Protein chains: 2
Amino acid sequence: MEHRKVPEHEAIYLRIREMILFGVLVPGQPVTIQGLVEVLDAGTTPVREAIRRLTAEGALEAKGNRRITVPELSLTQVEELYFARLSIEPKLVQIAVPRANEELTKHLREIDNHLNAAISEGDIEGYLKYNYRFHFALYEAAGAGILLALAQSLWLRAGPSLRGVLGRYANTIQPDQHDITIRALENHDAATACRAIEDDIRQGMDQVRQVLIFGDSAAQNTVKSVLAD
Amino acid sequence: MEHRKVPEHEAIYLRIREMILFGVLVPGQPVTIQGLVEVLDAGTTPVREAIRRLTAEGALEAKGNRRITVPELSLTQVEELYFARLSIEPKLVQIAVPRANEELTKHLREIDNHLNAAISEGDIEGYLKYNYRFHFALYEAAGAGILLALAQSLWLRAGPSLRGVLGRYANTIQPDQHDITIRALENHDAATACRAIEDDIRQGMDQVRQVLIFGDSAAQNTVKSVLAD
DNA sequence: TTCTCAAAAATATGATCAAATATTTTGAAC
DNA sequence: GTTCAAAATATTTGATCATATTTTTGAGAA
């Protein structure tokens with residue numbers, strides 16, 4: 001049995017990463033090395049290395065004065081992410097479609113069921129996790145490591161802010177795009193799959209954008225108006 | 001005098017980064033922490049942190065067995081970079097054009113002069129450095145930090161392989177696109193500037209691609225045929 | 001306010017331990 | 001006696017930790 005021992009710095013990296021992706025650490029929150037050392041009961045060196053990695057990925061932000069925080073997105077940064085996600089993620093889907101097999105669609109359906117369950121239970125964290133898993137199970141199928149890494153970085157950047165709005169407007173979540181995506185995969189219909197993922201990205205990013213432009217009160221209405229179309 | 005001291009790990013990061021970008025470290029080359037500690041005359045912790053950062057950026061590759069190398073690009077990876085660079089970098093130019101002022105174009109012209117001098121002297125390293133500076137002086141003018149970080153990562157990934165081919169075919173370098181770009185900036189002509197950068201990216205990446213497909217002997221001819229168009 | 005200084009946090013060093021690779025040794029078969 | 005491969009050993013490198021040093025912050029005094 002090949003049980004490769006995962007180095008501490010790798011394990012710590014993954015733990016902090018999840019804390020960022022799934023809402024334990026929120027935008028603007030200061031992150032101290034010492035603090036993480038205590039919370040995670042780890043040594044300073046592994047925590048330090050994990051933080052450097054996450055900073056390089058844009059999941060954390062190194063302020064000038066040796067302070068580190070979870071980034072708060074500005075409006076222009078949201079626009080950048082909007083553009084970048086729409087450039088990279090549909091491409092991953094396009095590559096993945098011809099490589100998709102029944103195993104993949106079955107797996108995606110499983111994840112999507114968990115996702116829907118989480119939504120109906122109002123389980124935000126569950127929603128975030130299964131949504132993440134859905135997208136990256138799909139993206140990984142493309143076998144395109146560089147684009148995948150870019151997508152990972154983009155999710156790490158968008159994740160915390162996305163969580164912020166979803167936490168407030170969980171009821172407006174529209175998982176329909178996932179169904180469409182899976183069906184398109186089964187039909188080897190790349191164009192439809194790409195469009196579904198594009199729409200999925202737009203839905204999420206639009207909410208973040210609306211909150212930034214109009215403040216908290218706006219996102220709800222915006223989403224409702226989209227639903228009414 | 002406010003001389004904020006740059007932390008060792010930051011300085012080391014920058015040094016290793018340059019070694020990767022400008023050809024001291026070549027694709028496939030194993031990189032050891034201990035080795036860098038000796039070469040750079042540094043402590044293990046700063047080197048370690050710098051390596052984690054560079055690994056996250058794709059400038060280095062962590063093999064399973066705790067080994068680290070400068071990545072060798074596969075053909076599919078080159079295609080990924082091709083696509084990603086063409087997605088991100090022209091967008092940065094598009095954003096930069098309306099923000100460009102005389103100071104910027106003057107600076108770019110300066111860099112471009114150095115670049116041309118380096119080419120006529122057959123100074124590969126100089127070429128690489130000024131080419132890098134040209135692109136990122138332009139990209140930075142966009143004021144789009146996230147897209148800029150993505151572009152940086154893409155250059156770190158493409159750089160070593162690009163150097164490999166340029167080192168062999170320095171005489172085929174076509175810096176014309178830079179002239180076109182600067183003039184387009186002066187005319188606030190975003191479309192032309194974007195197209196020039198696209199062509200610039202294509203020229204470089206095509207050479208890498210050709211070498212990967214047909215081996216060393218092919219790139220020269222391919223470039224010539226492009227010139228003959 | 002501005003300055004000083006102590007506490008807290010980040011940074012960096014070097015030592016120690018563990019893991020992986022490289023080298024040598026061993027021993028059986030031919 | 002030679003060859004080859006497996007075992008044993010040595011060496012290199014990576015991972016982590018404890019500790020010392022430096023930097024920053026922020027409270028309180030001038």
Side-chain angles (χ1 to χ4, degrees), chain A residues 1-20 24-72, chain B residues 1-20 24-72 156 160:
Chain A
M1 168 166 146
E2 264 295 331
H3 74 81
R4 262 193 317 271
K5 196 179 167 189
V6 174
E8 186 90 345
H9 65 81
E10 179 83 18
I12 297 287
Y13 162 77
L14 291 172
R15 286 177 67 189
I16 301 176
R17 191 177 193 280
E18 297 232 317
M19 290 168 76
I20 294 167
V24 180
L25 300 175
V26 302
Q29 182 167 346
V31 173
T32 68
I33 294 171
Q34 297 283 338
L36 286 172
V37 164
E38 282 185 24
V39 171
L40 301 175
D41 190 32
T44 63
T45 309
V47 168
R48 193 158 248 281
E49 291 181 34
I51 282 181
R52 296 289 169 248
R53 243 175 109 175
L54 289 162
T55 304
E57 290 175 340
L60 295 174
E61 190 177 25
K63 306 281 187 183
N65 304 341
R66 304 174 172 202
R67 281 293 130 96
I68 294 163
T69 66
V70 181
E72 280 181 300
Chain B
M1 162 161 154
E2 257 304 322
H3 213 239
R4 249 200 314 272
K5 196 180 169 190
V6 174
E8 186 89 347
H9 67 82
E10 180 81 19
I12 297 287
Y13 163 78
L14 291 171
R15 287 176 67 188
I16 301 176
R17 190 176 194 280
E18 296 231 318
M19 291 168 75
I20 294 167
V24 180
L25 300 175
V26 301
Q29 182 167 345
V31 173
T32 69
I33 294 171
Q34 303 270 349
L36 286 172
V37 165
E38 281 187 23
V39 171
L40 302 174
D41 191 32
T44 62
T45 308
V47 169
R48 195 156 248 281
E49 291 180 33
I51 283 181
R52 295 289 168 249
R53 248 176 106 175
L54 290 162
T55 304
E57 291 176 338
L60 295 174
E61 191 178 25
K63 306 279 187 184
N65 305 340
R66 305 174 168 196
R67 283 293 130 98
I68 293 163
T69 66
V70 181
E72 280 181 299
L156 280 170

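Being a predicted model, the structure only gives us computed values, none of them experimental. Proteins come first, then strands; the chains are lettered A, B, ... in the order of their sequence lines, and each starts at number 1.
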Requested in this report: Please check if the side chain of B:Q29 supplies one atom and the backbone of B:V26 the other of a donor-acceptor pair under 3.5 Å.
Outcome: yes

Requested in this report: For the residue pair B:M19 and B:V31, establish whether any side-chain heavy-atom pair is separated by less than 4.5 Å.
Outcome: no

What nitrogen or oxygen pairs link the protein and nucleotides 12-18 of chain C at under 3.5 Å?
residue: C:dA12; atom: OP1; partner: B:E8; partner atom: N; Å: 2.2
residue: C:dA12; atom: OP2; partner: B:H9; partner atom: N; Å: 3.3
residue: C:dT13; atom: OP2; partner: B:G43; partner atom: N; Å: 3.2

Query - Nucleotide of C:dA20, D:dG14, C:dT11 approaching B:T32 most closely (side-chain heavy atoms) - result: D:dG14

Nearest-angstrom distance from the residue atom [atom1] of [X] to [atom2] of [N]:
X: A:Q34; N: C:dA9; atom1: CD; atom2: P; result: 6 Å
X: A:I33; N: D:dT24; atom1: CD1; atom2: P; result: 14 Å
X: A:L40; N: D:dT16; atom1: CG; atom2: P; result: 14 Å
X: B:E38; N: D:dT12; atom1: CD; atom2: P; result: 10 Å
X: B:I68; N: C:dA20; atom1: CD1; atom2: P; result: 14 Å
X: A:Y13; N: D:dT16; atom1: OH; atom2: C1'; result: 20 Å

Query - Ion pair check, A:R17 and A:E10, cut-off under 4.0 Å - result: no

Query raised in the report: Hey, is A:E8 close enough to A:R15 for a salt bridge, meaning N to O under 4.0 Å?
Result: no

**Report entry** Pairwise distance CG(B:L54) to CG(B:L25) - rounded to 0.5 angstrom
**Finding:** 9.5 Å

**Report entry** N or O in side chain of B:N65 less than 4.0 angstrom from C:dT21 OP1/OP2
**Finding:** yes

Query - Smallest separation among heavy atoms of B:I12 and B:A42, with atom names - result: CD1-CB, 3.5 Å

